[in-house]
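Have a look at the structure below, then the notes.
This one's a predicted model, so the numbers in the text were calculated from it and none came from an experiment.
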Amino acid sequence: MKPTAQLLRAGTGSRLVLTRTFRAPIDDVWASLTESERTARWFGPWEGEPGPGRTIKVQMVHEDQAPWMDVRIDACEAPRRLLVSSLDEHGVWRMELLLSESGGTTRLEFVHHLETEDNLGDVGPGWEYYLDMLVAARDGSPPPAFDAYYPAMKAYFEELTQARPDGPAAPPAPEPPA
């Protein structure tokens with residue numbers, strides 16, 4: 001597996017951005033991101049009454065002990081934008097999912113709005129994993145193994161934080177062939 005994330009910086013803070021493309025209509029990809037029976041296939045199910053300003057409970061089935069967490073829906077503009085946030089012992093998590101469609105292909109841009117770049121080496125590989133779980137759930141391929149992401153991608157994400165503080169972080173240089 002090869003990491004795809006970019007770390008973008010601006011006056012408003014840092015954003016970890018990952019993208020995936022799907023040969024599918026935008027409404028179908030949106031359903032994969034918002035319908036509980038479909039999110040259960042790659043991230044976990046959710047329960048509650050959805051809507052902007054409301055809080056739902058989401059189960060993280062691929063985490064130790066499959067915990068449930070409260071997730072607030074901060075904005076929902078179907079089928080193009082979903083902004084959610086949650087709070088845990090690591091701080092506030094703000095995630096934005098942006099969809100666009102062109103020529104029968106839908107592009108998903110996953111944005112983690114970061115409070116801090118600390119622990120990016122631990123967080124980033126997990127987002128790559130979950131998005132590849134989404135890809136596998138949609139195309140029926142076998143789910144990826146988490147150890148292909150962590151700790152395998154940890155150094156990539158740590159190096160992203162070492163780039164210049166006033167602009168986009170460049171991905172690290174590829175390793176020379178063995």
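Heavy-atom minimum distance, Phe146 versus Gly126: CE1-CA, 4.3 Å. The two residues Met1 and Pro144 have their closest heavy-atom pair at CE-CB, 4.4 Å. When every heavy atom of Gly121 is checked against every heavy atom of Phe157, the shortest pair comes out as CA-CB, 3.7 Å. The shortest non-hydrogen separation linking Leu160 to Arg9 is O-NH2, 3.6 Å. Minimum interatomic distance between Trp68 and Pro45 (heavy atoms only, all atoms of both residues): CZ3-O, 4.0 Å. Residues Pro67 and Asp64 share a closest heavy-atom pair of CD-O, 3.3 Å.
Applying the side chain to side chain donor-acceptor pair (under 3.5 Å) test to residues at least two apart or on different chains, the pairs with a partner in residues 76-87 are Asp74-Ser85, Glu77-Arg81, Arg81-Glu96.
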For residues 10-19, please give each side-chain donor-acceptor pair under 3.5 Å, one per line with the distance, not counting sequence neighbours.
from	atom 1	to	atom 2	distance (Å)
Ser14	OG	Glu117	OE2	2.5

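The shortest side-chain heavy-atom distance between Trp93 and Leu87 does not fall under the 4.5 Å cut-off. Side chains of Arg54 and Arg72 form no contact here, defined as non-hydrogen atoms less than 4.5 Å apart. When side chains are defined from C-beta on, Thr39 does not count as touching Ser32, because their heavy atoms never get closer than 4.5 Å. In this structure, the side chains of Ile56 and Val58 come closer than 4.5 Å at one or more pairs of heavy atoms. Side-chain contact between Leu33 and Leu108 is present, with at least one heavy-atom pair separated by less than 4.5 Å. Arg138 is listed as a side-chain neighbour of Asp28, based on a closest heavy-atom distance under 4.5 Å. The shortest distance between side-chain heavy atoms of Met69 and Met60 falls below 4.5 Å. Under the 4.5 Å side-chain criterion, counting only non-hydrogen atoms from C-beta, Leu7 is in contact with Leu114.
A donor-acceptor contact shorter than 3.5 Å is absent between the side chain of Tyr150 and the backbone of Val123. Remark: side-chain polar atoms of Ser36 are paired, donor with acceptor, to backbone N or O of Trp46 under 3.5 angstrom. When atom types are taken as modelled, the side chain of Thr106 and the backbone of Val29 share no donor-acceptor pair closer than 3.5 angstrom.
Under the 30°/60° scheme for interplanar angles, the aromatic rings of Trp127 and Phe110 are found to be tilted. Taking the six-membered ring for Trp and thresholds of 30 and 60 degrees, Phe43 and Tyr130 have ring planes inclined between 30 and 60 degrees apart.
In this structure, CE on Met153 lies 14.0 Å from CD on Glu158, to the nearest 0.5 angstrom.
Ion pairing between a basic and an acidic side chain is recognised when a charged N comes within 4.0 Å of a carboxylate O; Glu128 and Arg20 show such pairing.
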